[in-house]
Amino acid sequence: MEDTICAISTPVGVGGISIIRVSGDKSIEIVNSIFKGKNLEEVSSHTINYGHIFYDDENIDEVLVSVMKKPKTFTAEDVVEINLHGGIATTNKVLEILLNNGCRQAMPGEFTKRAFLNGRIDLVEAEAVGDVIAAENENARKLSMNQLTGKLSSLIRKIKKELLELESKIEVNIDYPEYEDLEDMTQSRVGKSLNEIKDVLEKMIEESKIGKIISSGINIAIIGRPNVGKSSLLNAFLGEEKAIVTDIEGTTRDIVEGKLNLNGMTLNFIDTAGIRETEDIVEKIGVDKSLKSIESADLVILVLDGASAISEEERNLMDRLAGKRHIIFINKSDLESSIDIKEARNAVRGNTVFPEGLDELKKKIKELFEIGEMEKKDFTYISNARQLSLIEQVKNNIESAITGIENTVPVDIVVIDIREARRNIDLLLGEVFDEELIDELFDKFCLGK
Ligand code: GDP
């Protein structure tokens, strides 16, 4: 029998209400022992009950207690939630009383972990619980809800079902070769099915880029030589003094990060100033170095000083940016211009003093990432690295099976790859799992979830 766990599920601090959640076989009994009101062991499931928490004859708080009996609860165990007056002292006191009366403090994410271990949700859905909480904008919220409600899982299960069918058909053929009326899983037929599955997987992998961007935001690197106005642009975007703006070259030391919500998408600005700390990126350019630093960015904004001519280094950089999503911001349009906008591809002219050109810059970002088209998307994407790496492995297994077929390897050998693909799907859904990996995954959750 699992022990009974408890945790404060609301943020710690002063608020109208805080909630302590208790889960496990003894949750109703333990809360009942400190509760004055109806006998909680006799009330119906899924009821809210008014009363008081009493301890050592002292009335600790006036509360509402939700009693939810298994199995239809978040953890699939008996769950009790105590709604008490928000406030640090009262909440901590009630938690302490529970701990003194047989509950154990829950680890971060332990409620969700129990929901997973008790089979109420699969691993993809469990991860989505964390994502729903972490969602910073509308699109991330939609994406995580589609994962939480099982839309992504059912897509993955469909692939698993197809692999299973394929596998069993092949096995029937192997086991009963004498039955001629059994569907003959000829190599070409197996190959055709495998190719269809591969197409679906490739689409999932391709679309996971959208998923990643929706859930983590678009990483934007603002680059350019010193003093062109990178920090000023960042500040103008964020509308606050985030980066230190100075006209002494190379004095902005930290990588300054700021976030902006653009039509439900998070823009993560990474000022490359910190990169200058080691060696000046554009001075040293050899172009490679700065390109390396921006490799991980989803979008690069190259800032040019519009009041001075484009340098040789900047031209090189512009050439090298060709294969990357980028925008060139010709800054300092308030000064006399030394750059013709036609000299740069994908350029926006503006300045950070008034400021001007920012709306056009945002419009370009929207176009590059099809942000305006987001509403039409179905938000059923893989969005985390664990899921993506497993889907990639499934694809590799399928590809290996296809190669086997093409080289007329017997189907009973090919079936080994198909089985491996299915095993990787099981890992993805958490139907088989590694204990340590699961612990690591739930450790990242907040307390009380
Ligand atoms: P960084 O080194 O590229 O981050 O450049 P900063 O943002 O620190 O700006 C360098 C200098 O250029 C500062 O003195 C800014 O006030 C100035 N500056 C930035 N943007 C503009 C602009 O649009 N017009 C003018 N006239 N000066 C600017």
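Every number for a ligand or one of its atoms is a count from 1 in the order of the listing.
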Have Asp417 and Asn397 got a donor and an acceptor in their side chains that come within less than 3.5 Å?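 No, because no side-chain N or O of Asp417 sits under 3.5 Å from a partner of the opposite role on Asn397.
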Only heavy atoms count here, so choose which of [options] is nearest to [atom].
{"atom": "atom 6 (P) of ligand 1", "options": "Gly357, Gly224, Ser232", "value": "Ser232"}
{"atom": "atom 5 (O) of ligand 1", "options": "Ser333, Ala236, Gly229", "value": "Gly229"}
{"atom": "atom 26 (N) of ligand 1", "options": "Asp334, Val303, Val353", "value": "Asp334"}

Residues which pass ring pair (Phe, Tyr, Trp, His ring centres under 6.0 Å) with Phe354, listed by chain and number, not counting sequence neighbours: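 Checked Phe354 against ring pair (Phe, Tyr, Trp, His ring centres under 6.0 Å); zero matches.
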Is it true that a side-chain atom of Arg120 and a backbone atom of Phe74 form a donor plus acceptor pair closer than 3.5 Å?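 Checked: pair present.
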Atoms of ligand 1 close to [X] [distance to a heavy atom under 4.0 angstrom, numbered from 1]:
{"X": "Leu335", "result": "26 (N)"}
{"X": "Lys230", "result": "1 (P), 2 (O), 3 (O), 4 (O), 5 (O), 7 (O)"}
{"X": "Asn351", "result": "23 (O)"}
{"X": "Thr352", "result": "19 (C), 20 (N), 21 (C), 22 (C), 23 (O)"}

Output all residues satisfying side chain to side chain donor-acceptor pair (under 3.5 Å) with Glu440, sequence neighbours left out; order by chain, then residue number.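 If we apply the side chain to side chain donor-acceptor pair (under 3.5 Å) test to Glu440, skipping adjacent residues, there are no hits.
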Using a heavy-atom cut-off of under 4.0 Å, does the side chain or the backbone of Asn331 touch ligand 1, or both, or neither?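 Answer for Asn331: side chain.
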Is it true that Glu356 and Arg349 make a salt bridge, defined as a side-chain N closer than 4.0 Å to a carboxylate O?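 Looking at Glu356 and Arg349, the cut-off is not met.
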Parallel, tilted or perpendicular: which describes the rings of Phe379 and Tyr381, with under 30° parallel and over 60° perpendicular?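 Aromatic pair Phe379/Tyr381 classed tilted.
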